[in-house]
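Sequence lines set the chain letters: A, B, ... in the order given, protein chains first and strands last, and positions in each chain run from 1. Basis for what follows: all heavy atoms, side chains included, without hydrogens, waters or symmetry-related copies. The shown structure was predicted, so the numbers you read here are calculated from the model rather than taken from an experiment.
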Amino acid sequence: MSRKRQDPVPVPNQKWVASVRDKLLAWYDENRRDLPWRKNKDPYRIWVSEIMLQQTRVDTVIPYYERFMDAFPTLKALAEAEEEQVIKAWEGLGYYSRARNLHTAVKEVAASYGGKVPSDPEAVSQLKGVGAYTAGAILSIAFDRRVPAVDGNVMRVFSRWFAMQDDVAKLSTRKKFEELALHVIPEGRAGDFNQALMELGALICTPTSPSCDTCPVREECRAREWGVQAELPVKKKAKPPVPLQVIFGWIRQGDKVLLQRRPNEGLLAGMWGLPTVEAGKGEVAPGEFLREELCRKGISIELGSVLGELEHVFSHRRWQVTLVEGKIKEQADGNLPEGWYWASEEEQEALAFPNVYRKAFAMVRERKNDSQGIQGRLF
DNA sequence: GACCCGTGGCC
DNA sequence: TGGCCAAGGGT
């Protein structure tokens, strides 16, 4: 069997490079969006924006970014903040380890670099949560250093410019594009050029139905020349999320609700939520799994009614949730296990919950409104 | 390389 | 409706 040889990295000729640089930068100067992190070149502001933008759309990020910068205007302010506040500011954005890593790294910069973001690639790359792309983005945008910042946009644009069929899901492909980028990024305007590549990918060279007719570099694009732009980039399909039956408990004592902090590793690590168990096998009511688990924790409950069902899809899990009401048997003023907590409504508002739990809260609230004047309040 | 880690919007 | 995607990083 012969092993399939990888296509070599194309080496663009100088004429093509000069043309693409000029046209793309001219287009960017005219068409760049006025985004909040483009007000200046403060490395801290650039950094925060890049972390938030990881796997997240610009429109989603903007309001979070504004609030975050109001709360933590400087690197020092973020370094001195409590983690709980930082996570609260991230609530609803997802990928919460981004916020924890950012906080860790910012504290590291405060402690080891006098509060100034380092401008050398080795130091920046070592910061927690800063990988090859983000390091390149910070270094090029904030410090105008000629470093590649290859994200999904850039891979799509390059795939089309050179009509390359490499699988963009592979790490090796990204490295190939980084090498390619080094041939194209100009001296002097490295940051603008990297942003122009991404801006082109976001506005013109879009994943589906790219606007080739208005593309500033349509003459330089092999995919367009060959009419294969819709076929590129090549990307291996992701596995579908695995379905999982999950039970949430809505367990009240007086005006307080039982909360559980999730384990420090895995899905929604360290986040607050309702008591959560996986449903096991067997022909019993879903709530039984919850009752038994709580019993093991020394919390004795009587099952109430099913308050509702909801589905929440993560990247790799599909939670099919049954929300079950529970009534505490004896006054449980004794010791709760580590990470468990009776929270009043006021206390709940200070905690950060991922959206799957916020959906459940909303469900309870609706149900409460519906039943008011009919059965009174839920127990 | 494979898998894990959230969420929302779009067609 | 659902599959796909978004300025990725860590393990």
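- Between A/Glu50 and A/Tyr133, the side chains place a donor N or O and an acceptor N or O closer than 3.5 Å (distance only, hydrogens not considered).
- Between the side chains of A/Gln260 and A/Thr276, no donor N or O sits under 3.5 Å from an acceptor N or O.
- With a 6.0 Å cutoff to the six-membered ring centre and a 45° limit on the axis angle, A/Arg67 counts as a cation-pi contact of A/Tyr64.
- Here A/Phe314 and A/His316 keep their ring centres 6.0 angstrom or further from each other.
- In this model, no donor atom of one side chain and acceptor atom of the other lie less than 3.5 Å apart for A/Asp42 and A/Asn40.
- Residue A/Thr60 is out of contact with every strand shown, counting any heavy-atom pair closer than 4.0 Å.
- The nucleotide whose nearest atom lies closest to any side-chain atom of A/Arg317 is, among B/dC4, B/dG1, B/dG6, B/dC4.
- Interface remark: the A/Thr56 side chain does not form any donor-acceptor pair with the B/dG8 base, using a distance-only criterion of under 3.5 Å.
- One atom, CG of A/Leu310, and another, P of B/dG8, lie 13 Å apart when rounded to the nearest Å.
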Intra- and inter-strand pairs of DNA chain B in dot-bracket (Watson-Crick or G-U wobble, both distances under 3.5 Å; | for another strand): .||||.|||||

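- Checking the phosphate oxygens (OP1, OP2) of B/dC4, a side-chain nitrogen or oxygen of A/His316 falls inside 4.0 Å.
- Evaluation of atom-type donor-acceptor distances gives no pair under 3.5 Å for the side chain of A/Thr134 against the base of C/dG8.
- In the set B/dA2, C/dA6, C/dG8, B/dA2 carries the atom at the smallest distance from any side-chain atom of A/Lys236.
- Between B/dG6, C/dC5, C/dA7, one nucleotide has an atom nearer to the side chain of A/Tyr133 than all others, and that is C/dA7.
- Residue A/Val130 is in sugar-phosphate contact alone, with no base atom involved, counting any heavy-atom pair closer than 4.0 Å across all strands shown.
- For A/Val58, taking side-chain heavy atoms from C-beta onward, the closest of the listed nucleotides C/dG8, C/dA7, C/dC5 is C/dA7.
- Spacing between atom OH of A/Tyr95 and atom C1' of C/dA7 amounts to 14 Å, rounded to whole angstrom units.
- Nearest to the side-chain atoms of A/Ser172 among the listed nucleotides B/dG1, C/dA7, C/dG8 stands B/dG1.
- Projected onto DNA chain B by closest heavy-atom contact, A/Phe353 and A/Leu171 fall at different nucleotides, the more 5' of which corresponds to A/Leu171.
- Residues A/Gln195 and A/Arg38 bring a donor and an acceptor atom of their side chains to less than 3.5 Å of each other.
- A/Gly201 comes within 4.0 angstrom of nothing in the nucleic acid, heavy atoms only.
- Each of A/Gln195 and A/Asn101 lies near DNA chain C, and the nucleotide nearest A/Gln195 is the one positioned closer to the 5' end.
- Here the side chain of A/Ala202 is nearest to one of B/dG1, C/dA7, B/dG6, namely C/dA7.
- Scored by the ring-ring contact (aromatic ring centres under 6.0 Å, His included) test, A/Tyr65 finds A/Trp37 as partners (sequence neighbours excluded).
- To the nearest whole angstrom, the two C1' atoms, one in C/dG10 and one in B/dG1, are 14 Å apart.
- In this structure, A/Val61 reaches neither bases nor backbone, as no heavy-atom distance under 4.0 Å exists between it and the strands shown.
- Counting only heavy atoms from C-beta on, A/Leu53 has its side chain closest to C/dA7 among C/dA7, B/dT7, C/dG8.
- For A/Lys239, taking side-chain heavy atoms from C-beta onward, the closest of the listed nucleotides C/dA6, C/dA7, B/dC3 is B/dC3.
- No salt bridge links A/Lys23 with A/Glu219; every basic N to acidic carboxylate O contact stays at or beyond 4.0 Å.
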